[in-house]
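One structure is given below, encoded as structure tokens.
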Amino acid sequence: LTASSRFSHPYWVRVLNSYTNHLAPRSSSQGSLQLLTSPFPHLVMGHGINAMVSTFHPNGTLICDLRFSASSAWEKADVQSYRAYEYEGWVGKPKWKPAAKRKGGKVWVSWNGATEVRSWVLQAWDEREGRWREVLEVEKTGFETTIDVPQEWRRAKKLRVLAVDGDLGEMAGGVTEVLHRGFVNTATLGHVEEARSWRGALLLTALVCIAYLITSRLRRRLRGRQTREWKLP
């Protein structure tokens, strides 16, 4: 960061401060520097041809080192940012649903890209009343939150999780897929794919084996009949 004067001759330039990310390479082209005062004084540096963004304290301390490509792509222009900007009040609202996984007495839930989630509400399907009942609410902790299902609800056939924002309101599109008991739920990019449990897999394998044996016996009998018919005078 420099200051210059056009009132003196010859012109002069004075270095005010240096902001260096020692983890980043020197960029041969492009780049940007943004001075911000909210929510606290800091600087945002874009590394241009190199896919990196650095955030600094005014005294030069590196606060954040963000990279969105491998170091093997540096200075090759395969991935580049040109300029980097930070906007206050940006809100992430994903088009996909939160992802969840249920196993044993735990449920794991996350919503990639959602910035307003304050807490998660675990619900269970009440067979007698025919409606969803709230089991408990837990505060969001990091990217993925672990929920311990209460003992009395661990055998519930259906569970689901709702995202709640800072205004204590249910977020639009913030309901996970139904988590069934006896299924292994794999969460991928906000979509829950249900796979049969190991018992179901064993049953399917047994059925395939039985079908194969029956088919093999029928083929042998058919071949035996054809052979006998050819041997007739």
Side-chain angles (χ1 to χ4, degrees), residues 1-99 108-121 137-146 161-174 187 189-190:
L1 188 63
T2 62
S4 62
S5 174
R6 61 185 179 86
F7 297 105
S8 61
H9 185 76
Y11 295 142
W12 57 265
V13 176
R14 180 166 56 93
V15 177
L16 299 179
N17 207 342
S18 297
Y19 300 93
T20 305
N21 183 347
H22 298 285
L23 305 176
R26 288 184 175 272
S27 299
S28 59
S29 68
Q30 307 166 74
S32 60
L33 184 66
Q34 183 183 18
L35 309 181
L36 299 169
T37 58
S38 179
F40 59 90
H42 63 289
L43 299 88
V44 176
M45 178 187 295
H47 292 259
I49 193 173
N50 296 310
M52 302 182 66
V53 179
S54 302
T55 303
F56 296 92
H57 188 275
N59 63 11
T61 303
L62 179 65
I63 300 175
C64 177
D65 175 44
L66 171 64
R67 309 181 185 189
F68 47 98
S69 77
S71 58
S72 58
W74 290 349
E75 286 299 307
K76 296 181 180 179
D78 295 333
V79 183
Q80 50 187 311
S81 64
Y82 184 55
R83 293 176 181 172
Y85 295 100
E86 179 182 312
Y87 291 96
E88 184 180 358
W90 179 84
V91 176
K93 295 183 178 181
K95 295 182 180 179
W96 48 83
K97 297 181 179 181
W108 295 266
V109 60
S110 63
W111 198 1
N112 190 15
T115 58
E116 294 186 310
V117 180
R118 186 190 67 84
S119 60
W120 299 100
V121 174
E137 182 176 353
V138 298
E139 185 178 355
K140 176 188 174 183
T141 55
F143 177 78
E144 183 178 77
T145 301
T146 302
V161 186
L162 280 66
V164 177
D165 60 20
D167 296 327
L168 301 180
E170 179 185 336
M171 297 177 62
L189 293 178

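Every value quoted in this text rests on a predicted model; they were computed, and no experiment measured them.
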Problem set entry | Whether D167 side chain and G169 backbone form a donor-acceptor pair below 3.5 Å | no
Exercise. For P58, does its backbone N or O pair with a side-chain atom of Y19 as donor and acceptor, under 3.5 Å?
Worked result: yes
For this session: From the options K140, E139, E137, select the one residue that forms a side chain to side chain donor-acceptor pair (under 3.5 Å) with S119.
Result: E137
For this session: Check the pair K93 / E116 against side chain to side chain contact (heavy atoms under 4.5 Å, CB included), numbers first and verdict last.
Result: CA-CA 8 Å; K93 295 183 178 181; E116 294 186 310; 4.0 Å; yes
Exercise. Taking T115 for the side chain and V91 for the main chain, is one N or O donor matched with an acceptor at less than 3.5 Å?
Worked result: no
Exercise. For atom OH of Y82, is the number of surrounding heavy atoms from other residues, nucleotides or ligands below 6.0 Å larger than 12?
Worked result: no
Exercise. Between G173 and P98, what is the shortest heavy-atom contact and its length?
Worked result: O-CD, 3.5 Å
Problem set entry | Distance, nearest 0.5 Å, that separates CG of N50 from NZ of K76 | 11.5 Å
Problem set entry | Residue pair L36, Q34: steps toward the side chain to side chain contact (heavy atoms under 4.5 Å, CB included) verdict | CA-CA 6 Å; L36 299 169; Q34 183 183 18; 3.4 Å; yes
Exercise. So, T55 side chain and I63 main chain: donor-acceptor pair closer than 3.5 Å or not?
Worked result: no
For this session: Would you check, one step at a time, whether the test side chain to side chain contact (heavy atoms under 4.5 Å, CB included) holds for N17 with F56?
Result: CA-CA 11 Å; N17 207 342; F56 296 92; over 6 Å; no
For this session: Spell out, as yes or no, whether a donor-acceptor pair under 3.5 Å connects the side chain of S110 to the backbone of F143.
Result: no
Seminar exercise, completed: D65 and S54 have their tightest heavy-atom pair at OD1-OG, 4.3 Å
Seminar exercise, completed: Value for NE2 (H57) from CG (N59), rounded to nearest 0.5 Å, stands at 5.0 Å
For this session: Please lay out, stage by stage, how M52 and W74 fare under the test side chain to side chain contact (heavy atoms under 4.5 Å, CB included).
Result: CA-CA 9 Å; M52 302 182 66; W74 290 349; 3.5 Å; yes
Problem set entry | Value rounded to 0.5 Å, distance of NE2 in H47 from OG in S32 | 9.0 Å
For this session: Taking all non-hydrogen atoms of both residues into account, name the closest pair between P94 and G113 and its distance.
Result: CG-C, 3.6 Å
Problem set entry | Gap separating the OG1 atom of T145 from the CH2 atom of W108, nearest 0.5 angstrom | 12.5 Å
For this session: Would you name the heavy atoms of G46 and A84 that are closest together and state the gap between them?
Result: CA-CB, 3.7 Å
Exercise. So, the side chain of W111 versus the backbone of W96: is there a donor-acceptor pair under 3.5 Å, distance only?
Worked result: yes
Exercise. Rounded to the nearest 0.5 Å, how far does CG of L43 lie from CG of L62?
Worked result: 11.5 Å
